[in-house]
Enquirer: 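Handing you a structure now.
Chain letters run A, B, ... following the sequence lines, proteins first and then strands; every chain starts at 1.
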There are 2 protein chains.
Amino acid sequence: MSGAAEDLSIGQVAERTGLSVHTLRFYEREGILANAVRRGAGGRRLYSEDDVEWLRLCVILRASGMPLPAIRAYTDLVRQGAGTERERLDLLRRHREDVIAQIDRLTRCLDLITFKVGVYEDHLDRGPAEHVCGASSPPERTPRNQRAASAQ
Amino acid sequence: MSGAAEDLSIGQVAERTGLSVHTLRFYEREGILANAVRRGAGGRRLYSEDDVEWLRLCVILRASGMPLPAIRAYTDLVRQGAGTERERLDLLRRHREDVIAQIDRLTRCLDLITFKVGVYEDHLDRGPAEHVCGASSPPERTPRNQRAASAQ
DNA sequence: GCTTGCCCTAGAGCCGACTCTAGAACCTAG
DNA sequence: CTAGGTTCTAGAGTCGGCTCTAGGGCAAGC
């Protein structure tokens with residue numbers, strides 16, 4: 001499936017991955033391509049659809065905060081071929097946990113920020129109250145009801 | 001409430017905010033303190049509990065990806081005092097949207113990673129299948145049932 | 001035959017956010 | 001009196017992840 005023999009230029013790959021051509025070359029130097037890029041006339045890089053798929057995976061890993069060295073480690077495992085599946089799975093699982101942790105952290109931040117937004121909304125549509133400061137923990141989840149909260 | 005007259009040293013503030021003393025001085029230079037730090041004997045910084053609260057808020061904003069210039073902007077508004085509440089609210093609301101967007105992105109990444117983990121689990125406990133590649137979109141949400149998927 | 005556009009390499013530059021260094025002052029305990 | 005710990009300043013260094021520059025090649029179209 002999908003294994004057409006269409007060769008793609010670096011510019012085309014940039015278009016379909018959202019990465020810049022600079023970044024594509026940079027990733028290659030960093031060892032972040034599952035299979036070595038072939039070269040065409042004049043030394044130009046030739047990419048396959050598989051390369052694009054691989055890069056899209058890399059984009060997702062990056063977007064979820066995986067550092068380049070970790071992506072390189074994963075790439076190395078893939079390049080080593082069969083027998084490294086267990087390690088790849090472990091690596092992905094660890095990253096998965098990491099992403100979950102990130103989401104948790106962000107969600108907790110979001111709660112506090114939402115609380116703070118609530119405090120300001122109160123403050124603005126019921127006239128100024130006393131002073132209004134730090135990150136004071138959402139005391140009991142009722143921004144629109146109580147007046148001890150910070151609005152700095 | 002809580003407004004004791006206890007002065008805190010930079011080291012104590014570092015402890016209770018989780019920031020390093022270096023970072024505290026750095027933030028100060030960057031204009032990220034709602035009220036100017038007082039100085040004690042020998043020019044040493046004296047922080048109040050309010051400063052700690054403020055810094056905790058900054059930590060949350062940073063942890064949720066707000067860049068220092070935006071935090072400085074917010075700090076400036078706070079320093080200008082009453083009358084800037086609308087702007088502060090807007091700034092916080094924008095950040096709130098941003099955090100929600102981050103969580104969305106991460107959640108989408110998580111789905112793909114989870115899918116990929118599923119593919120590897122399949123692959124490992126039902127013996128190797130064909131080749132296994134990019135980020136191929138979770139075709140119909142059934143990792144453990146279908147065998148077209150990528151395991152690179 | 002010349003411009004335009006895409007591509008090449010090696011290496012430098014940039015940005016954000018810290019992080020650390022050097023050299024010196026002060027305070028407290030032994 | 002001295003050693004250890006904390007703090008001070010100004011400024012340099014680090015790190016991750018790009019991003020760009022210089023200088024050049026090649027191919028297609030006017």
Enquirer: If the test is side-chain contact (heavy atoms from CB on, under 4.5 Å), which one of A/I113, A/L110, A/T114, A/L106 qualifies with B/I100?
Expert: A/L110
Enquirer: Do the charged groups of B/R39 and B/E28 touch, with an N to O distance under 4.0 Å?
Expert: yes
Enquirer: If the threshold is 4.0 Å, N to carboxylate O, is there a salt bridge linking A/D76 and A/R79?
Expert: yes
Enquirer: Would you kindly give the NE2-to-P distance between A/H22 and C/dT9, to the nearest whole Å?
Expert: 13 Å
Enquirer: Over all heavy atoms of both residues, which pair between B/L24 and B/A14 is shortest? Give the atoms and the distance, please.
Expert: CD1-N, 3.6 Å
Enquirer: Would you mind reading off the distance between A/E30 atom CD and D/dT19 atom P, rounded to a whole angstrom?
Expert: 14 Å
Enquirer: Hydrogens and angles aside, do B/D98 and B/Q102 bring a side-chain donor and acceptor to less than 3.5 Å of each other?
Expert: yes
Enquirer: Using every non-hydrogen atom in the two residues, find where A/T84 and A/L77 come nearest and quote the distance to one decimal.
Expert: OG1-O, 2.9 Å
Enquirer: Quick one: B/R38 CZ to D/dT7 C1', roughly how many Å, whole number?
Expert: 16 Å
Enquirer: Any side-chain N or O of B/T23 under 4.0 Å from OP1/OP2 of C/dA17?
Expert: no
Enquirer: Considering non-hydrogen atoms only, spot the tightest contact between B/V117 and A/R96 and give its length.
Expert: CG2-CD, 4.1 Å
Enquirer: Just how far, in rounded Å, is C1' of D/dC20 from CZ of A/F26?
Expert: 13 Å
Enquirer: Using atom CG of B/L19 as one end and atom C1' of C/dC20 as the other, report the distance to the nearest whole Å.
Expert: 17 Å
Enquirer: Listing time: all N or O pairs from protein to nucleotides 9-12 of chain D that are below 3.5 Å?
Expert:
| residue | atom | partner | partner atom | Å |
| --- | --- | --- | --- | --- |
| D/dT9 | OP1 | B/R39 | NH1 | 3.0 |
| D/dT9 | OP1 | B/R39 | NH2 | 3.0 |
| D/dT9 | OP2 | B/R45 | NH1 | 2.9 |
| D/dT9 | OP2 | B/R45 | NH2 | 2.7 |

Enquirer: Start with the C-alpha distance between B/E53 and B/R56, add both sets of side-chain angles, then the distance that settles salt bridge (Lys or Arg N to Asp or Glu O under 4.0 Å), and finish with yes or no.
Expert: CA-CA 5 Å; B/E53 274 316 292; B/R56 287 211 240 259; 3.4 Å; yes
Enquirer: In whole angstroms, how far is the P atom of C/dG5 from the CD atom of A/Q12?
Expert: 17 Å
Enquirer: Please find the pair of heavy atoms, one from B/S20 and one from B/T23, that lie closest to each other, and give the distance.
Expert: OG-OG1, 2.8 Å
Enquirer: So if I take residues 61-72 of chain A and measure heavy-atom distances to DNA chain C, which residues fall below 4.0 Å?
Expert: none
Enquirer: Whether B/S20 contacts C/dC18 is assessed here as follows: a side-chain N or O lying under 4.0 Å from the phosphate OP1 or OP2. Is that the case?
Expert: no
Enquirer: Return no unless some side-chain N or O of A/Y27 is found under 4.0 Å from OP1 or OP2 of D/dC18.
Expert: yes
Enquirer: Quick one: closest heavy-atom pair of B/E30 and B/R72, and the distance?
Expert: O-NH1, 2.7 Å
Enquirer: Where do N or O atoms of nucleotides 24-29 of chain D meet protein N or O atoms at under 3.5 Å, pair by pair?
Expert:
| residue | atom | partner | partner atom | Å |
| --- | --- | --- | --- | --- |
| D/dG25 | N2 | A/R44 | NH2 | 2.3 |

Enquirer: Going by atom types only, do A/D104 and A/T107 share a side-chain donor-acceptor pair under 3.5 Å?
Expert: no
